[in-house]
Amino acid sequence: MLDIRMFREHADVIRADHDRRGLQHDAIDEVIRLDEAWRKARYDADQLRRKRNEAARGIAAAKKAGDDAEFQRIKSEVDAIAAEIEALGELSDGHESERDRIRMSIPNILHADVPAGDGDEGNTQHSLHGEKPTFDFDARTHNDLIEMNKWVDLPRAAKIAGSRFYFLKGDLAHMELALQQYAVDFISERGYTFVQPPVMMNREAYEGVTDLADFESVMYNIQPDGYYTIATSEHPLTAMFMDEVIEPSLLPIRIVGVSPCFRREVGAHGQGDKGIWRVHQFTKVEQIIISHPDDSWNHHEELLTNCVDLWDSLGLHYEVVNICTGDMGTVAAKKYDLEAWLPGRGEFKEIVSCSNCTDYQANRLRMRYRTTDGNAAVHTLNSTAVATSRALVAIMEQNQLADGRVRVPDCLVSRMGGKTHLEPCEW
RNA sequence: GCGGACGUCGCAUAGCCUGGUAUCGCGCCGGAUUUGAAAUCCGGUGGUAUUCGCCGCGGGAGUUCAAAUCUCUCCGUCCGCGCCA
């Protein structure tokens, strides 16, 4: 959510941003109109409250003096004002809640470097890493590899849960665990505090970190308690500082978290989503930085550097892309994706997302830091380190051998009991 | 799940019984003093509006002319009991 002061003092900035995104200005105009109406109603109500308070000051004295006539006179005066205050209060509350409902749907202000474009085809390449693997046989897709090696059981998962769930088995399951530990250790060594978050959140906290539309299409709603399962540990790890004033000396707060992630994936059906590429549950190691506003763009590059170093160490071929205006979403001001080369499919596919959300989440969550001139919103940043299911897909496709086995990346061998190749399961 | 205690500004606390202007301390910021620092002294330190002000005591509702204070309810914390990976 944008700071209301942006609408009052720098509406031109929001309008220019809407122009870049190809959006109409109706919502901006409506927020400004409702804000002015709210301030007027609020001011009028304040004046009435003031009159009431001034009158009521005589009541205590009248009571103490036992002057009942004076008490009755003041009471009737105060009663008349109270009815007016009631009506104005409802009016201003209505304006305020409607203003903020619309304000929450207005996206963040994009960074100047974000390239223009309508959809993901407008994303631009930032850098290319690793070497493209070559094969003297036809490279298989991960779907083929998990089936022939019996590393993933989709039919039985569908039987007991539903489609897009999976059992992960044998050596592939071991490598999933090794990846989690490797990534957590890798990021921890750079001064990030390891945190394991709750995997369910309440509605209020969740509204602070995500696009409202996600409640319909992304998160599972757990009844009867009304919790939402997290789509990523970004959400609890960012919201954990909700309603707090953070001592500036604690900034930046660097966190590496790991958690299962749950996604409803409403409407996802394509051929490209087969296997374990797009699933309802996966594990992700995530980086979070709570930053002073002046430092957030440096920290955004820091998060990207961590990702690049981590994925380089896995020996994989991938590109970094700069996400364009049309592919950005509501919350981030700038976003890099890492896209891994999948030789079985012959294309780059998203494995990491690295975002600076500036003060957009912090405004909604009331996450502030103390300054000499009052409290100001912090900036929040997040980046995948490793989403293990997608990392497994990239490793399987890039490290596959002619017989269908898969070479374990060197950095994971010691965490796999010295095993250098993933062997098939018997069943 | 049962019983009890509790929730007050960044932290820590008083006020609650007996309704009537949010208390003291720490930390932090500014100023004085000082070569500098410590110590000491003065002022400021919730939100909003900046124009008198208005609102704020975990959230919501109620009683009342008036609620931090009384009542109900929800959330959370602590202690004891029970159950349990």
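Here is the naming used below: chain letters follow the sequence lines, and residue numbers restart at 1 for every chain. In this text the structure is predicted, and so the values were computed from the model without any measurement.
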### Query
Of the residues in residues 30-43 of chain A, which ones touch RNA chain B at a heavy-atom distance under 4.0 Å?
A:R39, A:R42, A:Y43

#### Entry: Residue A:K169 excluded, over 12 heavy atoms near NZ under 6.0 Å
yes

### Query
Do the side chain of A:D337 and the main chain of A:E350 share a donor and acceptor less than 3.5 angstrom apart?
no

### Query
Base, sugar-phosphate, or nothing for A:R8, non-hydrogen atoms under 4.0 angstrom?
sugar-phosphate

### Message
Do A:I395 and A:L179 have side chains that approach each other closer than 4.5 Å (heavy atoms only, starting at C-beta)?
### Response
yes

### Query
Expressed in whole Å, how much space separates the C1' atoms belonging to B:C9 and B:A22?
9 Å

### Task
Classify the side-chain pair A:D312/A:Y318 by whether it contains a donor and acceptor separated by less than 3.5 Å.
yes

#### Entry: Gap between atoms CD1 and P, on A:I246 and B:C11 respectively (whole Å)
12 Å

### Message
Rounding to an integer number of angstrom, what distance separates B:U48 and B:G43 when you compare their P atoms?
### Response
26 Å

### Task
Answer yes if the side chains of A:T238 and A:N382 hold a donor-acceptor pair under 3.5 Å, and no otherwise.
no

### Query
Can you check the A:D243 CG to B:G56 C1' distance for me, whole Å?
14 Å

### Query
With Watson-Crick and G-U wobble geometry limited to distances under 3.5 Å, how should the secondary structure of RNA chain B be encoded in dot-bracket form, using | for bases paired to another strand and [ ] for crossing pairs?
((((((((.[[...)....(....]]((((((.......))))))(((....)))..[[[[[..)....]]]]])))))))....

#### Entry: Side-chain donor-acceptor contact under 3.5 Å, A:H280 with A:Y220
yes

### Task
Between B:A14 and B:A61, how far apart are the C1' atoms? Round to whole Å, please.
28 Å

### Task
Tell me which of A:R368 and A:R49 sits closer to the 5' end of RNA chain B, going by the nucleotide each one is nearest to.
A:R368

### Task
Using the C1' atom on both, measure B:C74 against B:C65 and round to a whole Å.
29 Å

### Query
Taking atom types as modelled and ignoring hydrogens, do the side chains of A:S233 and A:E286 form a donor-acceptor contact shorter than 3.5 angstrom?
no

### Query
Tell me: OH of A:Y369 to C1' of B:C29, nearest whole Å?
15 Å

### Query
If we ignore angles and hydrogens, is there a donor and acceptor under 3.5 Å between the side chains of A:H25 and A:D19?
yes

### Message
Can you measure A:L48 atom CG to B:C55 atom P for me and round it to whole angstrom units?
### Response
11 Å

### Message
Between B:A68 and B:C17, how many Å separate the two C1' atoms, rounded to a whole number?
### Response
14 Å

### Query
More 5' along RNA chain B: A:K51 or A:R5, using each one's nearest nucleotide?
A:R5

#### Entry: C1' spacing across the pair B:G7 / B:U50, given as an integer number of angstrom
33 Å

### Query
Base, sugar-phosphate, or nothing: which does A:Q47 touch, judged by heavy atoms less than 4.0 Å apart?
base

#### Entry: Protein-nucleotide distance (A:E96, atom CD; B:A49, atom C1'), rounded to Å
13 Å

### Query
What is the distance from atom CG of A:L392 to atom CD1 of A:I351, rounded to the nearest 0.5 Å?
11.5 Å

### Task
Could you tell me the separation between the CE atom of A:M201 and the C1' atom of B:C75, rounded to a whole number of Å?
16 Å

### Message
Please report the distance, rounded to the nearest Å, between CE in A:M242 and P in B:G76.
### Response
12 Å

### Query
Do A:I4 and A:R99 come close enough that some side-chain heavy atom pair is under 4.5 Å?
yes

### Task
Can you tell me, in whole Å, how much space there is between the P of B:U69 and that of B:G56?
11 Å

### Task
Determine whether the side chains of A:S389 and A:Y166 contain a donor N or O and an acceptor N or O closer than 3.5 Å.
no

### Query
Expressed in whole Å, how much space separates the P atoms belonging to B:U21 and B:C26?
26 Å

### Query
Less than 3.5 Å between a donor and an acceptor, one on the side chain of A:R50 and one on the base of B:C52, is that the case here?
yes

### Task
Send over the distance from A:D46 CG to B:U50 P, rounded to a whole Å.
12 Å

